[in-house]
Amino acid sequence: MNSSKRLAICLAAFLLGPPTLMAEHAVDGEWNGAIKIMGTEMGITARFEGDGDALSATLDIPQQGAKGVPLQNVSYQHPDIQFEIPGAAVAKFVGQVDGDSMSGEFLQSGMKGSVELSRRGADESVEAAEEVAEPLPYDEEEVVFVNGDVSLAGTLTLPRSIGPFPAVVMITGSGPQNRDEELVGFKPFRVIADYLTREGIAVLRYDDRGVGGSTGSTNDSTSMDFATDVVAAVLFLKQRADIDGSRIGAIGHSEGGIVAPIAAQSGELAFVVLLAGTSVTGEEILYLQGRLIAEANGATPEEIETQRAGQEQMMKAIRSGEGWEAIEVNMAEQIRAGVADMTEEQRAAIPDVDEFVKAQVSAGIAATNTPWFKAFIDYDPVPALEVLTVPALAIFGELDLQVPAQANADGMEKAFKKSGHEQYRIVTLDGANHLFQAATTGSPTEYATLKKELVPEFLPLITAWIKEVL
């Protein structure tokens with residue numbers, strides 16, 4: 001799920017290493033702006049600091065859950081500046097500095113885009129720049145808890161009333177995500193945490209494995225591993241005097257809606273809220289979302305059929321380890337066809353089509369050859385739903401094309417009825433997409449253009465239900 005996160009820019013798999021830097025002090029400070037490429041805009045923050053020749057630089061890419069990534073091969077000879085972002089496909093920036101402005105070209109995997117940055121004042125931070133309607137009426141605490149050899153960093157928000165408080169643990173969807181589950185500038189988990197904490201419910205949200213302040217690797221882990229992270233989070237909260245250990249639940253979105261019922265088998269959770277959770281295998285979800293998204297984006301029946309055949313071919317290769325050569329050829333053909341259908345502006349961002357196709361095929365193959373993906377396609381969430389005994393609220397978006405509402409709501413209803421579960425509720429919200437925003441088509445291509453807010457009934461529904469079951 002969350003396939004929209006696989007943007008054209010492959011900046012997620014960083015190979016961190018010591019930066020090689022030489023520069024003058026004129027670029028010292030924090031620079032904020034965006035990478036613009038193929039019609040997509042990705043916000044970034046670059047920080048340069050140092051003394052003499054000992055200049056260092058790091059980069060934050062919030063939409064990719066990346067923070068403090070060391071830049072490599074940075075050089076600055078006024079006004080020219082360049083640096084590289086390390087990763088599976090190295091990205092390079094070449095530009096110029098003009099006072100408090102920095103701009104230039106961004107090059108990666110045969111694609112060409114632009115970068116525009118402006119320097120932020122020394123007394124101003126990214127957090128301060130974000131608009132806050134009023135001072136927070138609750139407390140925020142940075143916390144770290146451990147699960148074996150994995151360390152997980154997060155934020156715990158606590159009401160300013162008399163505790164101990166009920167609490168929820170937030171579980172993100174698939175792919176490496178930060179504690180806010182940030183996507184194209186929208187931070188749904190931050191919004192949920194803010195609302196619930198104002199209503200007297202403590203909230204713990206944390207960076208996924210390998211993201212932000214957390215160690216480990218998301219791609220090398222599975223939903224089963226993530227469930228143990230949730231249990232570790234609950235046990236951490238139960239050690240606190242300001243948390244009521246008997247009233248801790250979990251809110252899981254997308255894959256998080258798969259993880260929550262698994263974690264509930266530990267006996268540590270008092271309730272679960274499943275946001276766009278699934279009731280079919282990962283393989284079937286990919287087929288469903290592939291067809292629906294293609295239809296929403298105007299694909300022909302023949303194109304959809306070709307896509308399905310390619311997906312089935314890849315599933316066989318993943319399980320057997322054979323047939324990858326044919327898949328690479330098919331992927332390359334589809335990517336070239338996609339390039340041919342691009343707008344003139346998008347096409348102009350790809351000066352070297354051969355290099356672009358090669359990079360995209362390589363990234364696509366690498367994304368499927370991970371422990372997470374192999375486990376995901378075969379996992380059936382129904383058995384965990386059938387043994388779920390704690391109160392459960394399942395919410396779907398009518399226009400969700402990544403976890404289609406009807407198919408998954410029907411399957412969840414069937415599982416709960418089969419087990420005789422007596423305290424559950426299933427709700428589908430009209431006009432909502434996978435992120436529970438008000439949408440037009442529900443396609444992931446809309447995400448960046450929609451208002452960064454949840455549909456009005458979403459938060460009151462969750463809050464009222466949690467208070468009722470507690």
Side-chain angles (χ1 to χ4, degrees), residues 1-5 168-175 177 181 183 188-189 192 203 205-206 208 218 221-231 233-234 249-266 269-286 288-289 372 375-377 379-416 419 421 424-429 432-437 442 454 458-459 461-462 465-466 469:
M1 293 156 289
N2 283 355
S3 59
S4 64
K5 292 187 294 186
V168 296
V169 175
M170 305 297 297
I171 316 171
T172 67
S174 59
Q177 300 191 60
E181 203 187 39
L183 179 64
F189 275 19
I192 294 171
V203 179
R205 62 193 199 275
Y206 55 91
D208 287 350
T218 298
S221 306
T222 68
S223 297
M224 297 296 181
D225 298 317
F226 304 144
T228 66
D229 292 342
V230 175
V231 175
V234 175
I251 298 178
H253 177 230
S254 200
E255 186 190 2
I258 296 174
V259 173
I262 301 173
Q265 295 181 39
S266 66
L269 291 173
F271 61 88
V272 295
V273 178
L274 313 178
L275 307 177
T278 71
S279 61
V280 299
T281 65
E283 179 178 10
E284 185 59 29
I285 277 291
L286 293 176
L288 284 170
Q289 70 175 221
W372 175 83
F376 172 74
I377 61 173
Y379 181 73
D380 183 356
V382 170
L385 292 171
E386 290 180 344
V387 298
L388 188 65
T389 57
V390 298
L393 170 64
I395 307 178
F396 297 92
E398 176 200 13
L399 297 181
D400 189 343
L401 304 187
Q402 295 181 250
V403 178
Q406 183 172 348
N408 288 281
D410 289 350
M412 208 167 280
E413 179 88 32
K414 182 178 179 181
F416 288 151
S419 65
H421 198 307
Y424 72 89
R425 184 180 179 190
I426 299 175
V427 180
T428 297
L429 299 181
N433 65 10
H434 188 62
L435 303 180
F436 295 95
Q437 299 167 289
L454 300 162
F458 179 80
L459 291 169
L461 169 63
I462 293 175
W465 182 87
I466 292 176
V469 299

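Every heavy atom of this structure was used, including side-chain atoms; hydrogens, water molecules and symmetry mates were not.
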Locate the shortest heavy-atom distance separating [X] from [Y]; write the atom from each residue and the value.
{"X": "His421", "Y": "Val390", "value": "NE2-O, 2.8 Å"}
{"X": "Ile171", "Y": "Gly256", "value": "CG2-CA, 3.7 Å"}
{"X": "Ser223", "Y": "Val259", "value": "O-CG2, 3.9 Å"}
{"X": "Ala375", "Y": "Thr222", "value": "CB-CG2, 3.7 Å"}

Subject >> All side-chain contact (heavy atoms from CB on, under 4.5 Å) counterparts of Ser266, not counting sequence neighbours >> reply: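 Scan of Ser266 (side-chain contact (heavy atoms from CB on, under 4.5 Å), adjacent residues dropped) gives Val231, Glu268.
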
Subject >> For Ala432, side-chain contact (heavy atoms from CB on, under 4.5 Å) partners two or more places apart >> reply: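 Scan of Ala432 (side-chain contact (heavy atoms from CB on, under 4.5 Å), adjacent residues dropped) gives Leu429, Phe436, Val455.
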
**OP:** Report the residues that fulfil ring pair (Phe, Tyr, Trp, His ring centres under 6.0 Å) with Phe396, sequence neighbours left out, ordered by chain and then residue number.
**Re:**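 Per chain and number, Phe396 pairs via ring pair (Phe, Tyr, Trp, His ring centres under 6.0 Å) with no residue.
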
Subject >> Qualifying residues under ring pair (Phe, Tyr, Trp, His ring centres under 6.0 Å), relative to Tyr379, sequence neighbours excluded >> reply: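 For Tyr379 there are no ring pair (Phe, Tyr, Trp, His ring centres under 6.0 Å) partners, ignoring immediate neighbours.
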
Atom pair [atom1] ([X]) and [atom2] ([Y]), whose distance is rounded to the nearest 0.5 Å:
{"X": "Leu274", "Y": "His253", "atom1": "CG", "atom2": "NE2", "answer": "11.5 Å"}
{"X": "Leu461", "Y": "Ile466", "atom1": "CG", "atom2": "CD1", "answer": "9.5 Å"}
{"X": "Thr281", "Y": "Ile377", "atom1": "OG1", "atom2": "CD1", "answer": "8.5 Å"}
{"X": "Met170", "Y": "Ile192", "atom1": "CE", "atom2": "CD1", "answer": "4.0 Å"}
{"X": "Leu435", "Y": "Phe458", "atom1": "CG", "atom2": "CZ", "answer": "10.0 Å"}

With [X], which residues qualify under side chain to side chain donor-acceptor pair (under 3.5 Å), at least two apart?
{"X": "Glu413", "value": "Tyr424"}
{"X": "Asn408", "value": "none"}
{"X": "Glu283", "value": "Tyr287, Arg319"}

Original post:
How would you list, by chain and number, every residue that makes a salt bridge (Lys or Arg N to Asp or Glu O under 4.0 Å) with Glu386, sequence neighbours excluded?
Top reply: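 Listed in chain order: Lys418.
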
Original post:
Parallel, tilted or perpendicular: which describes the rings of Phe271 and Trp465, with under 30° parallel and over 60° perpendicular?
Top reply: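 Perpendicular.
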
**OP:** Quick one: do Leu286 and Phe376 satisfy side chain to side chain contact (heavy atoms under 4.5 Å, CB included)? Show the steps, please.
**Re:** CA-CA 10 Å; Leu286 293 176; Phe376 172 74; 4.2 Å; yes

**OP:** Take Leu393 and Arg425 through the side chain to side chain contact (heavy atoms under 4.5 Å, CB included) test and state the conclusion after the steps.
**Re:** CA-CA 5 Å; Leu393 170 64; Arg425 184 180 179 190; 4.0 Å; yes

**OP:** For the residue pair Thr172 and Asp208, confirm or rule out a side-chain donor-acceptor distance under 3.5 Å.
**Re:**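 Looking only at side-chain atoms, Asp208 and Thr172 do form a donor-acceptor pair, the distance falling under 3.5 Å.
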
Original post:
Which salt bridge (charged side-chain N to carboxylate O under 4.0 Å, His left out) pairs, counting each pair once, include a residue from residues 397-410, with sequence neighbours left out?
Top reply: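 Salt bridge (charged side-chain N to carboxylate O under 4.0 Å, His left out) check on residues 397-410 returns no pairs.
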
